[in-house]
Amino acid sequence: MIYKLTFSCEEGDNFRLCFDADPESTFLDLHNAILAAVKYPDDQMTSFFMCNDHWEKEQEVTLVEMDGNFEYDNMVMENTRLSELLEEQGQRMIYIFDPMFERYFFGSLREIAAGQVEGIKLTEKRGTAPSQLQQDDGLQGIVGKDGKADWESDEDFYGDSQYDDGEIDMEGFQDLSFDDGSMF
């Protein structure tokens, strides 16, 4: 039996991956095949999620064992065979490749075909995969394009050219002492 799996992503430029897989291969084998196909490093805490027909997450298959009280059993990629969770044609899953921003590939068991395949083989790669990690825009406006902080290149940052020592009301500050450790 051959599982024909397809993965796509809304971010990629017409991006699509297709694999032929032995049902006895593990989710770790599939994880490694995906990373090799898109040339991502193996340094993220990726996961697979089985999904219902509305792409709602159900059973998770993690890269490493996770502790906790979850609705579903903890399943680890290395110990979970594809045939344990993928049972029928059209079944859906997602593969989270950027856990920080929860970006993922949509996957499906497109077909269960007669025959045999050893391991997992890439049969089609189309389009361009998105970059693995999305950059956080939290530094936008703080760090300029040159990599320097905005205040390093802007002499008038926060109006420092208009600073006047006389504007500070020193009342209440004279009782503070940093020498006796009373602040901590």
Side-chain angles (χ1 to χ4, degrees), residues 1-64 66 75-148 150:
M1 185 174 334
I2 300 172
Y3 281 2
K4 295 191 175 283
L5 303 165
T6 301
F7 290 89
S8 62
C9 182
E10 294 174 346
E11 294 178 48
D13 180 30
N14 200 23
F15 174 71
R16 180 172 142 158
L17 296 174
C18 296
F19 298 96
D20 282 356
D22 177 354
E24 294 306 305
S25 295
T26 65
F27 278 88
L28 183 61
D29 297 329
L30 181 57
H31 159 79
N32 290 331
I34 292 170
L35 292 182
V38 294
K39 296 180 174 50
Y40 291 166
D42 190 8
D43 61 356
Q44 298 298 311
M45 290 299 298
T46 59
S47 291
F48 287 94
F49 279 93
M50 299 302 104
C51 297
N52 63 23
D53 290 340
H54 303 287
W55 295 102
E56 296 168 335
K57 295 177 190 172
E58 293 179 340
Q59 176 66 56
E60 181 177 17
V61 184
T62 59
L63 186 57
V64 296
M66 307 289 273
M75 300 183 94
V76 180
M77 290 182 198
E78 182 178 25
N79 304 327
T80 308
R81 303 215 176 279
L82 298 177
S83 60
E84 290 178 51
L85 296 175
L86 296 173
E87 300 169 342
E88 60 188 50
Q89 190 168 308
Q91 197 166 350
R92 295 178 175 186
M93 70 183 123
I94 58 174
Y95 173 72
I96 297 180
F97 63 88
D98 179 358
M100 179 68 97
F101 291 96
E102 199 163 313
R103 295 167 55 229
Y104 44 83
F105 296 143
F106 294 96
S108 68
L109 177 55
R110 188 179 76 239
E111 181 183 346
I112 300 174
Q116 286 188 316
V117 65
E118 187 175 320
I120 299 179
K121 307 288 184 216
L122 179 66
T123 59
E124 180 186 345
K125 180 179 179 183
R126 185 175 30 162
T128 305
S131 63
Q132 183 177 22
L133 300 177
Q134 181 173 320
Q135 297 300 316
D136 186 0
D137 287 12
L139 296 178
Q140 189 173 359
I142 297 173
V143 177
K145 292 180 182 177
D146 60 357
K148 292 184 177 180
D150 284 347

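Two residues are said to be in side-chain contact when any heavy atoms from C-beta on lie closer than 4.5 Å; F48 and E60 fail this criterion. Looking at heavy atoms from C-beta onward, D29 lies out of side-chain contact with L82 at the 4.5 angstrom threshold. With contacts defined as side-chain heavy-atom distances shorter than 4.5 Å, the pair T62/M77 does not qualify. Between L122 and L17 there is a side-chain heavy-atom pair separated by less than 4.5 Å. Using a 4.5 Å cut-off on side-chain heavy atoms (C-beta onward), F19 and I34 make contact. Side-chain atoms of M1 and I112, non-hydrogen and from C-beta on, do get closer than 4.5 Å to each other. By the 4.5 Å heavy-atom criterion applied to side chains, N79 and F27 are not counted as neighbours.
Here the shortest heavy-atom pairing between F7 and G107 reads CD2-CA, 3.5 Å. When every heavy atom of A33 is checked against every heavy atom of I120, the shortest pair comes out as CB-CG2, 3.8 Å. The two atoms that bring E87 and E84 nearest to each other are OE2-O, 3.7 Å, heavy atoms only. A21 and L5 make their closest contact through CB-CD1, 4.0 Å (heavy atoms, listed as atom of the first residue, atom of the second, distance).
Remark: the backbone N or O of C51 is not paired with any side-chain donor or acceptor of R92 at under 3.5 angstrom. No donor-acceptor distance shorter than 3.5 angstrom exists from the side chain of D98 to the backbone of E102, with no hydrogens or angles considered. A side-chain donor-acceptor contact under 3.5 Å links Q91 to the backbone of E88.
Rounded to the nearest 0.5 Å, atoms CD1 (I96) and CD1 (I94) are 4.5 Å apart. Here the CG-CE distance, from L30 to M93, works out to 6.0 Å after rounding to the nearest 0.5 Å. A distance of 11.5 Å separates CG of L109 from CG of L85, quoted to the nearest 0.5 Å. Between the SG atom in C9 and the CZ atom in R16 there is a gap of 14.5 Å [rounded to 0.5 Å]. To the nearest 0.5 Å, atom CE of residue M50 and atom NZ of residue K57 are 12.5 Å apart. To the nearest 0.5 Å, the span separating CG on L86 from OG1 on T80 amounts to 11.0 Å.
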Next on the checklist: Would E24 and S83 count as a side chain to side chain contact (heavy atoms under 4.5 Å, CB included) here? Give the steps.
Outcome noted: CA-CA 6 Å; E24 294 306 305; S83 60; 3.2 Å; yes
Checklist entry - Do N32 and D42 pass the side chain to side chain contact (heavy atoms under 4.5 Å, CB included) test, and can you show the C-alpha distance, the side-chain angles, and the key distance before you say yes or no? => result CA-CA 8 Å; N32 290 331; D42 190 8; 4.1 Å; yes
Checklist entry - Run the side chain to side chain contact (heavy atoms under 4.5 Å, CB included) check on H31 and L63 step by step: do they pass? => result CA-CA 9 Å; H31 159 79; L63 186 57; 3.9 Å; yes
Item to check | Step-by-step salt bridge (charged side-chain N to carboxylate O under 4.0 Å, His left out) determination, D20 to K4 | outcome: CA-CA 5 Å; D20 282 356; K4 295 191 175 283; 3.0 Å; yes
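Residue F97 is tested with Y104, F105, F106 for a ring pair (Phe, Tyr, Trp, His ring centres under 6.0 Å); the sole match is F105.
Using a 3.5 Å distance cut-off with no hydrogens or angles, the side chains of T6 and R110 do pair a donor with an acceptor.
For M45, the CE atom is densely surrounded, since the number of other residues' heavy atoms within 6.0 Å is greater than 12. Surrounding CD of E78 are at most 12 heavy atoms belonging to other residues, nucleotides or ligands under 6.0 Å away.
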